[in-house]
Amino acid sequence: MATAGTDTSVVVIGAGQAGLSVAYYLKRLGLDAGNEFVLLDRGPGTGGAWQSRWEGLRLGSTHKVNDLPGMDALGISFESADRSLPAKDIIGDYYHRYEDHYEFQVVRPAVVTSVTNNKSENLLVTFNNGEDDVQDVTTDVVVNATGTWGAPFIPWYPGRDSFAGRQVHTTDYLQAQEFAGQSVIVVGGGTSAIGFLLELEGVASKLTWVARRDIEFFNEGEINMEDAEAAVAKQDEAARAGRALPSIVSGTGVPRTRRVQAGIDRGVLNAHPMFSAIEPEGVRWSDGTFRKVDAIIWATGFRPELRHLAPLKLREKAGGVAVGGGNSFKDPRVFFAGYGPQASTIGANRAGRMIARQVVAALSKL
Ligand code: FAD
């Protein structure tokens, strides 16, 4: 199906939930994995971003992690997986079996450094193996499914660089024991911040939680679908307008599970307003209150990881890329899976089907 002069028809960048879901549907629509479409992943292993998440994160303490499409054919499901084991291990293992079963032949480690316009009308994807081995592949279409884990976001506060203690983003957090006996401040209003606080309770000597806005706990224990739909709609609106994407958690709130309610009752989940400045020894609020801290944990979210697409100049003045229905408005050869409204495991699954159909339609016009 590839046009003359291209190595492949489709390059999928990223083999997380979104990339694998696209691959599944491309295969179902008749494309040959490893030949007509190629999956490149920075990996070292399977599991997408989950392989890098901290040890203490269990399936039982995440939101729902949806099965990949066609995972039932392997007789496995996250629904029946051991919820007490680290999510990184289970998801890494299940994705591994999934990739093998569907023979996706994911190339890894393959770090895509750029996507550029080739001399003819196709695209040139350049990647390396994390070291010096640089390779190129030409393709008709790119599906970008690179998630957000590689683009951590830390807001700026005065004095941030002067802090003498340790600053850790969610992406660097390994386990609570690293902070044993320390005074720790956790920043952020989402499930990651709550997870860290519950793990650090009784390990850190002092624990403080701060968030930019009041935390809205809702009672159902699971994300309220109406709120979730409204939050997803806001993401879609921003993506279509090419604006930077809003935070999902600000739109959905946090589920008041039994574990969370117990944390609230014990006083460990008691969020304070944000501090206004950071000093070498700690943080200061605008009313002059100072707290000495040894470590700041920034559970402050992520941005989409799109640096490698910079040569295509897709970014709008409004700060984002303009994407509707998973397709770039500026360059119809470029698709985005798992972006904005699709940034959940269920959203990524739906994106896979929708994008694969569009990709095949685009290829058939070449
Ligand atoms: P990822 O899983 O991040 O996969 C992207 C892949 O692209 C990675 O393998 C990465 O290595 C690769 N990649 C990136 N850049 C490049 C490059 N330049 N070249 C090559 N490869 C590249 N969602 C839920 O539905 N339920 C949950 O419980 C849930 N919990 C979450 C907890 C945390 C802490 C976080 C941060 C997110 C959570 N999410 C959850 C959102 C979740 O990350 C997504 O739902 C989903 O797993 C993301 O899939 P993805 O394929 O878009 O991204």
Side-chain angles (χ1 to χ4, degrees), residues 11-24 38-54 56-68 78 83 87-88 90-92 94-95 99 106-115 125-130 135 137 142-153 169-173 188 190-196 222-223 228 232 235 247-249 252 254-255 257 299-310 326 336-352 355:
V11 169
V12 180
I13 310 174
Q17 187 95 7
L20 290 177
S21 172
V22 171
Y24 172 83
V38 174
L39 269 156
L40 303 177
D41 188 69
R42 186 171 55 198
T46 49
W50 291 97
Q51 70 190 284
S52 312
R53 291 196 178 135
W54 61 102
L57 183 67
R58 309 285 137 131
L59 276 186
S61 53
T62 61
H63 301 304
K64 185 175 160 61
V65 175
N66 286 268
D67 289 343
L68 281 159
F78 293 124
R83 302 176 78 73
K88 64 195 297 240
I90 294 177
I91 297 177
Y94 282 18
Y95 280 17
E99 286 181 17
V106 178
V107 181
R108 62 164 65 87
V111 184
V112 174
T113 52
S114 68
V115 181
V125 179
T126 304
F127 62 99
N128 63 57
N129 64 348
Q135 293 184 50
V137 54
V142 160
V143 178
N144 191 76
T146 48
T148 58
W149 188 257
F153 171 71
H169 184 267
T170 302
T171 48
D172 312 307
Y173 179 95
T191 313
S192 301
I194 290 175
F196 296 149
E222 274 205 358
I223 294 273
V232 167
Q235 293 273 322
S247 141
I248 285 258
V249 81
T252 61
V254 177
T257 60
T300 41
F302 303 85
R303 296 287 181 262
E305 188 170 0
L306 305 175
R307 282 181 295 260
H308 51 287
L309 300 180
F336 289 85
Y339 183 81
Q342 308 165 350
S344 65
T345 50
I346 183 78
N349 286 356
R350 292 196 189 117
I355 289 172

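Just follow the structure's listing: the first ligand is 1, and inside any ligand the first atom is 1.
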Checklist entry - Per the side-chain contact (heavy atoms from CB on, under 4.5 Å) rule, which among Val106, Val107, Val142 passes with Leu40? => result Val107
Checklist entry - So is Ala348 in contact with ligand 1, going by heavy-atom distances below 4.0 Å? => result no
Checklist entry - Which protein heavy atom lies closest to atom 46 (C) of ligand 1, and at what distance to 0.1 Å? => result Thr345 CG2, 4.1 Å
Item to check | Interatomic distance, Thr126 atom OG1 to His308 atom NE2 [nearest 0.5 angstrom] | outcome: 11.5 Å
Checklist entry - Going by the order shown, which atoms of ligand 1 are within less than 4.0 Å of some heavy atom of Ser344? => result 25 (O), 45 (O)
Next on the checklist: In this structure, does ligand 1 have an atom that sits under 4.0 Å from one of the heavy atoms of Tyr173?
Outcome noted: no
Next on the checklist: Any nitrogen or oxygen of Tyr95, side chain or backbone, less than 3.5 Å from one on ligand 1?
Outcome noted: no
Checklist entry - Quick one: which of Ile90, Leu59, Ile346 gives a side-chain contact (heavy atoms from CB on, under 4.5 Å) with Val65? => result Leu59
Checklist entry - So, is Ala337 polar-close to ligand 1, with some N/O to N/O distance under 3.5 Å? => result no
Checklist entry - Which of the numbered atoms in ligand 1 are below 4.0 angstrom from a heavy atom of Gly14? => result 6 (C), 7 (O), 12 (C)
Next on the checklist: If the condition is side chain to side chain contact (heavy atoms under 4.5 Å, CB included), which residues does Asp67 pass it with, not counting sequence neighbours?
Outcome noted: Met71, Ser77, Phe78
Item to check | Nearest neighbour of atom 14 (C) of ligand 1 from the list Val125, Leu306, Thr146, on a heavy-atom basis | outcome: Thr146
Item to check | Any Tyr24 side-chain heavy atom under 4.5 Å of Asn349 side chain | outcome: no
Checklist outcome for this item: The atoms of ligand 1 lying under 4.0 Å from a heavy atom of Ile13, numbered in the order shown, are 19 (N), 20 (C)
Next on the checklist: Just to be sure I'm reading this right: ignoring hydrogens, which of Glu305, Arg53, Arg42, Lys64 gets closest to atom 36 (C) of ligand 1? Compare them by their nearest heavy atoms.
Outcome noted: Arg53
Checklist entry - At a 4.0 Å cut-off, with the gap strictly under it, does some heavy atom of Phe127 reach an atom of ligand 1? => result no
Next on the checklist: When you compare the side chain of Leu57 with that of Trp50, does any pair of heavy atoms fall below 4.5 Å?
Outcome noted: yes
Checklist entry - Is atom 22 (C) of ligand 1 less than 4.0 angstrom from at least one protein heavy atom? => result yes
Checklist outcome for this item: Nearest non-hydrogen contact to atom 50 (P) of ligand 1 from the set Gly338, Ala351, Ala18 belongs to Ala18
Checklist entry - Who passes side chain to side chain contact (heavy atoms under 4.5 Å, CB included) against Arg42, sequence neighbours left out? => result Val111, Glu305
Checklist entry - Can you check whether Asp41 has an N/O within less than 3.5 Å of an N/O in ligand 1? => result yes
Next on the checklist: As a test of understanding, state which of Val12, Ile13, Val11 forms a side-chain contact (heavy atoms from CB on, under 4.5 Å) with Val143.
Outcome noted: Val12
Checklist entry - atom 19 (N) of ligand 1: which of Leu309, Leu40, Val112 has the nearest heavy atom? => result Val112
Checklist outcome for this item: of all protein heavy atoms, closest to atom 41 (C) of ligand 1 is Ala343 O, 4.3 Å
Checklist entry - Based purely on interatomic distance, does Trp50 place a nitrogen or oxygen under 3.5 Å from a nitrogen or oxygen of ligand 1? => result yes
Checklist entry - Do any nitrogen or oxygen atoms of Ala49 lie less than 3.5 angstrom from nitrogen or oxygen atoms of ligand 1? => result yes
